[in-house]
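Note that the structure is predicted; figures quoted are calculated from it, not measured. Each chain gets a letter, A, B and so on, in the order the sequences are listed, and its residues count up from 1.
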There are 2 protein chains.
Amino acid sequence: MDINATTRPPGRPREFEIEEALDKAIVVFSERGYHAASISELKDAMGLAAGSLYKAFKDKKAIFLASFDRYKQVRNAVLDEELAGGENGRDKVSRMLRFYAEASHGENGRRGCLVVGTAIELAVYDAEAAERVDRSMARSEALFETLIREGHADGSIPTTTDPAATARLLLSVTQGLRVLGKTGPSRERALSVVDTAMRLLD
Amino acid sequence: MDINATTRPPGRPREFEIEEALDKAIVVFSERGYHAASISELKDAMGLAAGSLYKAFKDKKAIFLASFDRYKQVRNAVLDEELAGGENGRDKVSRMLRFYAEASHGENGRRGCLVVGTAIELAVYDAEAAERVDRSMARSEALFETLIREGHADGSIPTTTDPAATARLLLSVTQGLRVLGKTGPSRERALSVVDTAMRLLD
DNA sequence: TTAATTTGGAAACGGTCGTTCCCCAATAGA
DNA sequence: TCTATTGGGGAACGACCGTTTCCAAATTAA
């Protein structure tokens, strides 16, 4: 009986963790963008030989898409955890905005957002990239809308606030923060945008 | 006496207009981004041989920076003209937001903004690009702030609206619109963001 | 005319890109 | 123990990249 639920497949076992390697690739792709990130840079960062890289992934685009998916999975998990601590709808919207603002200054800000980078560099010419960007944007927009409706229900956000329209605006603000973050503004400037945006929920 | 104020320099005269060529380059750089735009694509779009291109510009980056400067010059002129027709501070803010929203849907939206593209793809690694992005962002932010103060003075915007903080938020909204525009939303969705943002000035 | 200068354009260059190949190591199953 | 299968890693490959070179053409100045 194997200790794992699945039996090990034939052939030599992989000596590295795919997800650990992807975490390194995410950094390279985020900082450099898709086209400027060379296989040479990627293999160095991931600690792999070119041959091994191409046994784990079909081609450069596959490495990128796997990195994107990993990035989204990790970021979504962190955001969900952050939102779980929210008191009411309004507090959760504020937490979500701050989540983006915190990622949009200093070193992380300069590193940049893989979703925004993909939208700018890849979405127009690559259908698979575009679909992922669309899904990511739609998820964020829908989440904002849900939180606003939650605020309507618990009384923390006035019902005069239009959920769909406000969600679209807040999505626009978060994506904009990520762009501004590339030029490395201070934490205070990023957070002041959040404070001002929250006025929309008064 | 020459009909022009300046006499013609020695050597064979250039057979194309630099600015016309740059207008073609702007399209290529906007759609493809800096790294994905090859010299081959650029020379085809600009209608020049590689040799001629390199006599007019030092290298690829020089073509890009000249395109960026031309882009900013043209866009700033169009925006200034649009703002000149505004009735008061509030109307001018609305016009400026609509100016970005109109550029952020359909074909133009998918083509993208050269400032946002440069921020994402180049600003982190290239000082000259970063300086241009910074200047562009600072100009927009300062313009928003000026218009809000104008609204304070003419009574179209309540003085409870903080000029600096609101200007930062509106800058974030416009940059976000440009990102969202890459996935080609409808005109209505882009303009609804403007309507909602204008609520901040109530 | 002639010399100097600059552009137009095609061909060529070295370098790097993404990718594949090949050989050896490590594992499962028979 | 033998075979099949897969991964590790480095060397090699063709393609395309940005750039330079070269020569003919067009212009100014002498």
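When the C1' atom of dG18(C) is taken as reference, atom CZ of Phe64(A) falls 16 Å away, rounded to whole Å. Taking atom CZ on Phe57(A) and atom C1' on dG7(D), their separation rounds to 13 Å, with Å as the unit. Taking atom NE2 of residue His35(B) and atom P of nucleotide dT16(C), one finds them 15 Å apart after rounding to whole Å. Atom C1' of nucleotide dT19(C) and atom NZ of Lys61(A) are separated by 16 Å, given to the nearest angstrom. Between Leu53(B) atom CG and dG18(D) atom P the separation is 11 Å, expressed in whole Å. In this structure, the NZ atom of Lys58(B) is 8 Å from the P atom of dT19(D), given to the nearest Å. Distance, Glu17(A) CD to dG7(D) P: 14 Å, rounded to whole Å. Regarding Glu15(A), its CD atom lies at a distance of 17 Å from the P atom of dC24(C), rounded to whole Å.
Among the nucleotides dT5(C), dG9(D), dC17(D), the one closest to the side chain of Pro10(B) is dT5(C). Taking the side chain of Ser52(B) as heavy atoms from C-beta on, and the options dT19(D), dG8(C), dG9(D), the nearest nucleotide is dG8(C). Distances were taken from every side-chain heavy atom of Ser38(B) (C-beta onward) to each of dG9(D), dC17(D), dG18(C); the shortest belongs to dC17(D). The nucleotide whose nearest atom lies closest to any side-chain atom of Ile39(B) is, among dT20(D), dT6(C), dG18(D), dG18(D). Here the side chain of Pro13(A) is nearest to one of dT20(D), dG10(D), dA26(C), namely dA26(C). Side-chain proximity of Lys55(A) to dG9(D), dG18(C), dT20(D): nearest is dG9(D). In the set dT7(C), dA11(D), dG18(D), the nucleotide with an atom closest to the side chain of Arg14(B) is dT7(C).
Summary of the strand contacts: Glu41(B) and Gly11(A) both lie near DNA chain D, and taking for each the nucleotide with the nearest heavy atom, the more 5' one is attributed to Gly11(A). Along DNA chain C, the nucleotide closest to Gly51(A) and the one closest to Ser40(A) are compared, and the more 5′ of them pairs with Ser40(A).
Side-chain N/O atoms of Arg12(B) and base N/O atoms of dT7(C) include a donor-acceptor pair closer than 3.5 Å.
Side-chain polar atoms of Tyr100(B) and Ser140(B) form a donor-acceptor pair below 3.5 angstrom. For the residue pair Arg168(B) / Ser172(B), no side-chain donor-acceptor distance below 3.5 Å is found, with atom types taken as modelled.
With a 4.5 Å cut-off on side-chain heavy atoms, Glu20(B) and Lys24(B) do not count as touching.
Ala37(B) comes within 4.0 angstrom of sugar-phosphate atoms only, judged by non-hydrogen atoms across all strands, and of no base. Counting non-hydrogen atoms under 4.0 angstrom, Phe16(A) reaches the backbone sugars and phosphates but no base.
A 6.0 Å sphere centred on NZ of Lys61(A) holds more than 12 heavy atoms belonging to other residues, nucleotides or ligands. Counted within 6.0 Å of NZ on Lys72(B), heavy atoms from surrounding residues, nucleotides or ligands total more than 12; the atom is thus considered enclosed.
Between dT19(C) and Tyr54(A), a contact under 4.0 Å exists linking OP1 or OP2 to a side-chain N or O.
In this structure, Lys60(B) is positioned above the aromatic face of Tyr34(B), its NZ or CZ under 6.0 Å from the six-membered ring centre and within 45° of the axis.
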